[in-house]
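Source: prediction; values computed, not measured. Below, chain A is the first sequence line, B the second, and so on; all start at residue 1.
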Amino acid sequence: MGIKGLAKLLSDEAPDCIREVELKSLHGRKIAIDASMAIYQFLIAVRSGGPNQQATMLTNAEGETTSHIQGMFNRTIRYMTEGIRPVFVFDGKPPDVKSHELIKRREKREKAQAALAVASEEGNVEEQDKQSKRLVRAGTKENEDCRKLLTLMGVPVVTAPCEAEAQAAALCKAGLVYATGTEDMDALTFATPILVRKLTFANASKSMVQTMNYNKVIEGLAISHDQFVDLCIMLGCDYCDTIRGVGPKTALKLIREHGNIEKVIETIDRKKFVVPESWVPNEKKLDAQSDDDDEEGVESPSKEENNGIVDTEELIPAYVQARKLFNEHEVLNDIELKWKPCQAEDLQKFLVDDMGFNVDRVKNNIEKLQAAYKANSKPQTRMDSFFAVKANPNAAKSAAKRKADAAKAKAAVSKKKTKKH
DNA sequence: ACTCTGAGTCAAGACGGC
DNA sequence: CTAATTGACTCAGAGT
DNA sequence: GCCGTCC
């Protein structure tokens, strides 16, 4: 779910953090990309069969889906051709806190499955199509396929211990890549210095992309990093519920006024704004002892499950856990990213023999890939780096700020290192 | 009248020949 | 031993 | 630019 409404909030309240730039301006850059998200989109979008007939995924002779391979292969070659060196980051295990959210998704999925069955019976092709898209998921098989493909292409692959966005942000903070390429606004909460959106080629003619600058987010909103994380939690993230009645506008106002979630909870009128129980687990315990004005019938069963975990040892409020996930997310620290020449022979075998791709097309694409690799591995001299300092009128000011931020980032990293086990 | 929230729904790639 | 997205848009309704 | 095709 990312962070609900963050993109819009930023464009309203901190417009300077967003820039529309030409794709060209990313020439020579390394960019970390969330692989699972890309795969998911390919599985949904790359289909054959026009209107009025059941859309179907592309498949090889064995009937295995190849849509994601097709998409990933083309897009990666396109990146390389544009002078962008991608590194694909795969998801690891989702954090425990997310399981509540995942249960909800599974229920939705089961609903879609039922709806699909009905639609099939009625022969309603349009409805079948819609429901089948809701059932799409990027599973282990698809992830493995893409890992193999990318490795054969000589493109680095990183498997995150946990969430891909957090790992991508870490790569960016460490200076191993220029930016995180994603549509998921979570990456900003993980404090990726640069986020690139719309990094797709749907509009090949215009080829504009959008960048978001983390420092400018902080500057524009006029809050600290910790406050920004609290703001994101209040907007709504995957890790916990939100305060009912508080949306983007109010959340920003409250954080600016009170500084953090603890103070917000203390201050606001809790009759008007209902704070989730999981945010105040200690209070809940007291309530249960003294008197309960709760209606028992209305209590949802999912909440009970949640308490099962919380009651035993954790009296840690859910938003504190969420904070921790954003600030100390488990990531790999010492990574080397290497772009190698593709293994042309094996790559061709994989695509043609295993996946049923057209030989000529594959050969042609491999040549493109090799040419792009060669061009990219020449010593890089980004033209703009020569006069970047002069171009910025606030150079001194922002340089000082960068320094301060770098120091902060460093502190955060070393903290992480002590935590890792 | 205006502002805001929240629930629901939708759509989602890339190439090449013309 | 399974599963694993997300943002944009619209519209109704509540609160101010 | 639109539209069929990729597998």
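In this structure, A:R244 forms no cation-pi arrangement with A:F273, as its terminal cationic atom is not both closer than 6.0 Å to the ring centre and no more than 45° off the ring axis.
Between the C1' atoms of B:dC18 and D:dC7, the separation comes to 23 Å (whole Å). The P atoms of C:dT6 and B:dG13 are separated by 16 Å, rounded to the nearest whole Å.
If you take CG of A:N365 and P of D:dC7, they are 10 Å apart, rounded to a whole angstrom. Distance A:F357 CZ to D:dC6 P: 12 Å, rounded to the nearest Å. Distance, A:N364 CG to B:dG17 P: 10 Å, rounded to whole Å. Atom CG of A:L195 and atom P of C:dT6 are 13 Å apart (whole Å). C:dA4 atom C1' lies 15 Å from atom CD of A:Q41, rounded to whole Å. Put simply, CZ on A:F42 is 10 Å from P on B:dC15, counting in whole angstrom units. Atom NZ in A:K133 sits roughly 6 Å away from atom P in B:dA12 (whole-Å rounding). Per the geometry, CG belonging to A:L6 stands 14 Å off C1' belonging to C:dA8, to the nearest Å.
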| Taking it one step at a time, do A:E142 and A:T65 satisfy side-chain hydrogen bond (donor to acceptor under 3.5 Å, both in side chains)? | CA-CA 8 Å; A:E142 289 76 18; A:T65 300; 5.3 Å; no

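For A:T140 and A:A7, each mapped to the nucleotide of DNA chain C holding its nearest heavy atom, the one lying further toward the 5' end belongs to A:T140. Between A:K93 and A:K272, the residue anchored closer to the 5' end of DNA chain C is A:K93, taking for each the nucleotide with the nearest heavy atom.
Backbone-only contact: A:G356 has heavy atoms under 4.0 Å from sugar-phosphate atoms and none from a base. Using a 4.0 Å heavy-atom distance criterion, A:Q70 is classed as a base contact. Residue A:N358 is in sugar-phosphate contact alone, with no base atom involved, counting any heavy-atom pair closer than 4.0 Å across all strands shown. Across all strands shown, A:R361 has heavy atoms under 4.0 Å from sugar-phosphate atoms exclusively, and none from any base. Contacts of A:S36 with the nucleic acid, taken as non-hydrogen atoms under 4.0 Å apart, are absent. Residue contacts shown for A:Y40 include a base, since a base heavy atom lies under 4.0 Å away.
Aromatic rings of A:Y239 and A:F326 (six-membered ring for Trp) have centroids within the 6.0 Å cut-off, being under it. Centroid-to-centroid, the aromatic rings of A:F42 and A:F73 stay 6.0 Å apart or farther.
Of the candidates D:dC7, B:dG13, C:dT6, the closest approach to any side-chain atom of A:M37 belongs to C:dT6. Side chain of A:M185, nearest nucleotide from B:dC4, B:dA12, C:dG7: C:dG7. Ranking C:dA3, B:dA14, D:dC7 by closeness to the A:R137 side chain, first place goes to C:dA3. Set against B:dC15, B:dA12, D:dC7, the side chain of A:I44 has B:dA12 as its closest nucleotide. Considering only the side chain of A:D186, C:dT6 comes nearest among D:dC7, B:dA12, C:dT6. Between C:dT6, B:dG16, B:dT5, one nucleotide has an atom nearer to the side chain of A:T250 than all others, and that is B:dT5.
Taking 4.0 angstrom as the limit, A:R244 places a side-chain polar atom (N or O) nearer than this to OP1 or OP2 of B:dA7. In this structure, A:R75 does not reach the B:dG13 phosphate: none of its side-chain N or O atoms is under 4.0 Å from OP1 or OP2. Of the side-chain N and O atoms in A:R78, none sit less than 4.0 angstrom from OP1 or OP2 of B:dG13. At the phosphate of B:dC10, OP1 or OP2 sits under 4.0 Å from a side-chain N or O atom of A:K130. Proximity of A:R134 to the phosphate of C:dT5: no side-chain N or O atom is located under 4.0 Å from OP1 or OP2.
A donor-acceptor pair is defined here as one N or O able to donate and one able to accept, closer than 3.5 Å; such a pair exists between the side chain of A:T267 and the backbone of A:K263.
Checking A:E64 against A:T59 by side-chain atom types alone, no donor-acceptor pair falls below 3.5 Å. Using modelled atom types and a 3.5 Å distance limit, the side chains of A:H68 and A:N143 yield no donor-acceptor pair.
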